[in-house]
Amino acid sequence: MDTTGSFLMPPAQSTYAGDVDALFNFILIAGLIIFVIVIATTVFFSMKYRRKGMATKTSGTDHNLGLEILWTAIPTALIVIVFIWTFRSYIKMSVVPGDAIEIKVTAQKWFWTFDYAEGANSVNELVIPVNQPIKLLMSSQDVIHSFFIPNFRAKMDVLPNRYSITWFEATSTGTYDLFCTEYCGKGHSEMLGSVRVVSEEEYKKWIDEGSDPGKGLTLEEFGRKLYVKKACNTCHTTDGSKGVGPTFKGVFGREEIMEDGTPITVEENYIRESILEPKAHIVAGFQPVMPTYQGLLKDREIDAIIAYLKTMKAE
Ligand code: CUA
């Protein structure tokens, strides 16, 4: 497999990425050749038959059967080639192999959640084993998003109220970018994730640990990890700057004014409510865009986030 990439493409690191690139290169090169021929003949004939003084040099030829056959046959052959080639690649990319591992993907403003059959879940980081077909069953909680891993040449829209399916098989271990490629609101450009391709043993170990993610960590450390892992950092800064949501710097114990004018002091119960029922009390000056983490965070994880927020002193 190509692991270097090119000027136009990142490295091809899934089983079908090579097919996509070959087809892309064929169409690009065929297009360039035709472009050069058309421009060159246009320039040539406009020079040859340009008007000089009063003399007329218009060609007497008005029909050429050979030429007409040629310029019909060549484009037709090219289109048939591209059609058959595309169709075969499309089938390969659409038909999920029977032994694929199924992972549920949920998109929402503005992060990705992955649920694995074994009960583990992750946010913004998809962990998969190498050399193993992966089937993604995808849906959105709100608007249309689009799931795109450039290195795999895998891209599929993720829609609300229905499932879309895609699959791929990674050919080398490593960490790859995951993008949302459908404009989905203010945080679209922040809707980034990564795909970590690991060995089969490492994948099994990761799935096992997935059922007990905070093992060996203090609540504060676990909370700091969750802040990134559960994508809180997409909207809440820790340096005091304004994000989509209020900053976490000095948040614990701070008095916030709600949109209806009532003050609320941020303490344990308010944080818990904000995580599970974010629309219950909106801080004035912010939009009610936070999704609920109901079902995504266990009690111990909420405890950990609260413990972490207490460490975020204003000074
Ligand atoms: Cu989600 Cu753009």
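For the numbers below, each heavy atom of this structure counts, side chains included, while hydrogens, waters and symmetry mates do not. Note that ligands are numbered from 1 as they come in the structure, with each ligand's atoms numbered from 1 the same way.
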**Message:** Holding to side chain to side chain donor-acceptor pair (under 3.5 Å), I want the full list of residues that pass it with Glu202, two or more places apart in sequence or in another chain.
**Reply:** none

**Prompt:** Are Ile103 and Leu126 close enough that some pair of their side-chain heavy atoms sits under 4.5 Å apart?
**Reply:** yes

**Request:** Assign the ring pair Tyr183 / His188 to parallel, tilted or perpendicular, where the plane angle (0 to 90°) is split at 30° and 60°.
**Result:** perpendicular

**Asked** Centroid-to-centroid, Tyr176 to Phe152, below 6.0 Å?
**Response** yes

Donor-acceptor list for residues 90-97 side chains, cut-off 3.5 Å, not counting sequence neighbours:
residue: Lys92; atom: NZ; partner: Asp19; partner atom: OD1; Å: 3.3
residue: Lys92; atom: NZ; partner: Asp19; partner atom: OD2; Å: 3.3
residue: Ser94; atom: OG; partner: Tyr90; partner atom: O; Å: 2.6

**Request:** Identify which protein N/O/S atoms are less than 2.8 Å from atom 2 (Cu) of ligand 1.
**Result:** Cys180 SG, Glu182 O, Cys184 SG, His188 ND1

**Asked** Which ring pair (Phe, Tyr, Trp, His ring centres under 6.0 Å) pairs, counting each pair once, include a residue from residues 107-142, with sequence neighbours left out?
**Response** Phe111-Tyr293, Trp112-Phe147, Tyr116-Trp206

